S.K.: 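Here it is, the structure, as structure tokens.
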Amino acid sequence: MPELPEVETVRRTLAHLVIGETITMVDVFFAKIIKKPNDVDQFKQALVGQTIRALKRKGKFLMIELDDYDLISHLRMEGKYTVEEARMPVDKHTHIIFGFKSGKTLRYHDVRKFGTMHLFGKGEAADALPLRQVGYDLYLDQIDEDWVFEKITASTRAIKNILLDQTIVAGLGNIYVDETLFKSKIHPLTKGLTLSKVEVLRILDMAKLTIDEAVKQGGTSIRSYVDAKGDMGMFQQTLHAYGQTGEPCSVCEHPIEKMKLSGRGTHFCPVCQKEKNDSVRS
DNA sequence: CTTATCGCCTGAAGGC
DNA sequence: TGCCTTCAGGCGATAA
């Protein structure tokens, strides 16, 4: 499920394939993916004649920069891009096709149809939703640690939920949150306001370490993820918590346990990640 | 203001 | 075989 490392890998692999391509046609087979503009015909007409100039990323959003527009794409659970010749058959989960002057096509596939696209005029995206509320990017940004500490300790929510909230630090999803908290030796249910400065800094360090390593490995291929060239990531071989239920903890050998936290599968070592008393700030 | 829950989607897997 | 339930989970909308 694309989180920051997967989106970054898609950005890198896709950039080689589409930068410099000029759009001559757009097909939209499932209109609900297009969140802006409201009218799909406007979306198509705006894009015709535009050349792809750059691919950027903020948090889990992929930004396709064109001459006069920025297309903001979120892959959510299962979104994928491929580049294929126009004559290639269209599979049932292809929802949007951008046809290029070169005869190639950029295709957006999404089995669950959760993905979104927002089209903005040049430079308008950063100050509008959905990008406006994206917090510090864990891979690119210099993080204001004091501000993050204040935000986290102002909340009674479980630290796992706080880290999944993209408005504070951006890029973590369910896999990398579990990995980050495992390496930080913090229980996922720990309330934000019980965390010390040292613990918050440790969480930030482990989050950045996990994200950096996963980017180096080309992301994590659990379920369906592949990059724009169809290649799988390798980070699943490095997972310590996510999907490791019943396997011995890599530190203490106690079996990794799985629980439900706000509807999400949550993996942790009950020995290394002790639950602490809410009233104590250690 | 904050936090919790629901709904969107489809396919795989498991129970009976 | 086949039907039903559960799970996968990011995040916007809505409720509390």
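Chain identifiers are assigned alphabetically (A, B, ...) following the order of the sequence lines, protein sequences preceding nucleic acid strands; residue numbering begins at 1 within each chain. Since the structure is predicted, the reported quantities are computational estimates derived from the model, not experimental observations.
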S.K.: Could you list by number each residue of residues 176-184 of chain A showing a heavy-atom separation from DNA chain B of less than 4.0 Å, or answer none if no residue does?
M.R.: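 Here the set is empty: none.
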S.K.: Using the closest heavy atom to pick a nucleotide of DNA chain B for each, name whichever of A/K92 or A/S262 lands nearer the 5' end.
M.R.: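 Its nearest nucleotide being more 5', the pick is A/S262.
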S.K.: Tell me, which pairs form a ring-ring contact (aromatic ring centres under 6.0 Å, His included) where one or both residues lie in residues 19-47 of chain A, sequence neighbours left out?
M.R.: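 Every ring-ring contact (aromatic ring centres under 6.0 Å, His included) pair that includes a residue of residues 19-47 of chain A, provided the two are not neighbours, is A/F30-A/H95.
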S.K.: If hydrophobic residues (ILVMFWY) are linked whenever their side-chain heavy atoms come closer than 4.5 Å, directly or via other members, who joins A/V198 in its cluster?
M.R.: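 Members alongside A/V198: none; it stands by itself.
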S.K.: Show me the donor-acceptor pairs within less than 3.5 Å that the side chains of residues 180-187 of chain A make with the rest of the protein, sequence neighbours left out.
M.R.:
residue	atom	partner	partner atom	Å
A/T180	OG1	A/Y176	O	2.7
A/K183	NZ	A/T210	OG1	3.0
A/S184	OG	A/T180	O	2.7
A/H187	ND1	A/L189	N	3.0

S.K.: Enumerate the residue pairs fulfilling side chain to side chain donor-acceptor pair (under 3.5 Å) with a member in residues 245-258 of chain A, sequence neighbours excluded, ordered by first and then second residue.
M.R.: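 Residue pairs passing side chain to side chain donor-acceptor pair (under 3.5 Å), neighbours aside: A/H240-A/S250.
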S.K.: Counting primed atoms plus P, OP1 and OP2 as sugar-phosphate and everything else as base, spell out the protein contacts along nucleotides 10-16 of chain C at 4.0 Å heavy-atom distance: B, S or - for each nucleotide, 5' to 3'.
M.R.: BBS----
S.K.: Counting distance alone, no hydrogens or angles: does the base of B/dA4 have a donor or acceptor under 3.5 Å from a partner atom on the side chain of A/R157?
M.R.: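 Counting by modelled atom types and ignoring angles, no donor-acceptor contact under 3.5 Å is found here.
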S.K.: Scan for salt bridge (charged side-chain N to carboxylate O under 4.0 Å, His left out) pairs involving residues 81-100 of chain A, sequence neighbours excluded, and state none if there are none.
M.R.: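 Salt bridge (charged side-chain N to carboxylate O under 4.0 Å, His left out) check on residues 81-100 of chain A returns A/E84-A/R107.
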S.K.: I'd like to check the side chain to side chain donor-acceptor pair (under 3.5 Å) partners of A/E213; sequence neighbours left out, ordered by chain and number.
M.R.: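 Expected list: A/Q217.
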S.K.: According to the Watson-Crick and G-U wobble definition with distances under 3.5 Å, which dot-bracket string, read 5' to 3', encodes DNA chain C, using [ ] for crossing pairs and | for pairs with another strand?
M.R.: .|||||||.|||||||
S.K.: Between the base of B/dG11 and the side chain of A/R112, is there any donor-acceptor pair under 3.5 Å?
M.R.: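 For A/R112, whose side chain was compared with the base of B/dG11, there is no donor-acceptor pair (under 3.5 Å).
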S.K.: What residues, two or more places apart in sequence or in another chain, satisfy side chain to side chain donor-acceptor pair (under 3.5 Å) together with A/Y136?
M.R.: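 With neighbours one apart ignored, the set is empty.
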S.K.: Tell me which pairs pass salt bridge (charged side-chain N to carboxylate O under 4.0 Å, His left out) where either residue lies in residues 144-154 of chain A, with sequence neighbours left out.
M.R.: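 Passing the test, one end in residues 144-154 of chain A: A/D146-A/K197.
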S.K.: Can you give the donor-acceptor pairs under 3.5 Å from side chains of residues 57-67 of chain A to other protein atoms, not counting sequence neighbours?
M.R.:
residue	atom	partner	partner atom	Å
A/R57	NE	A/E8	OE1	2.8
A/R57	NH1	A/G59	O	2.9
A/R57	NH1	A/D137	OD2	2.6
A/R57	NH2	A/D137	OD1	3.2
A/K60	NZ	A/L172	O	3.0
A/D67	OD1	A/R53	NE	2.6
A/D67	OD1	A/R53	NH2	3.0
A/D67	OD2	A/T51	N	2.9

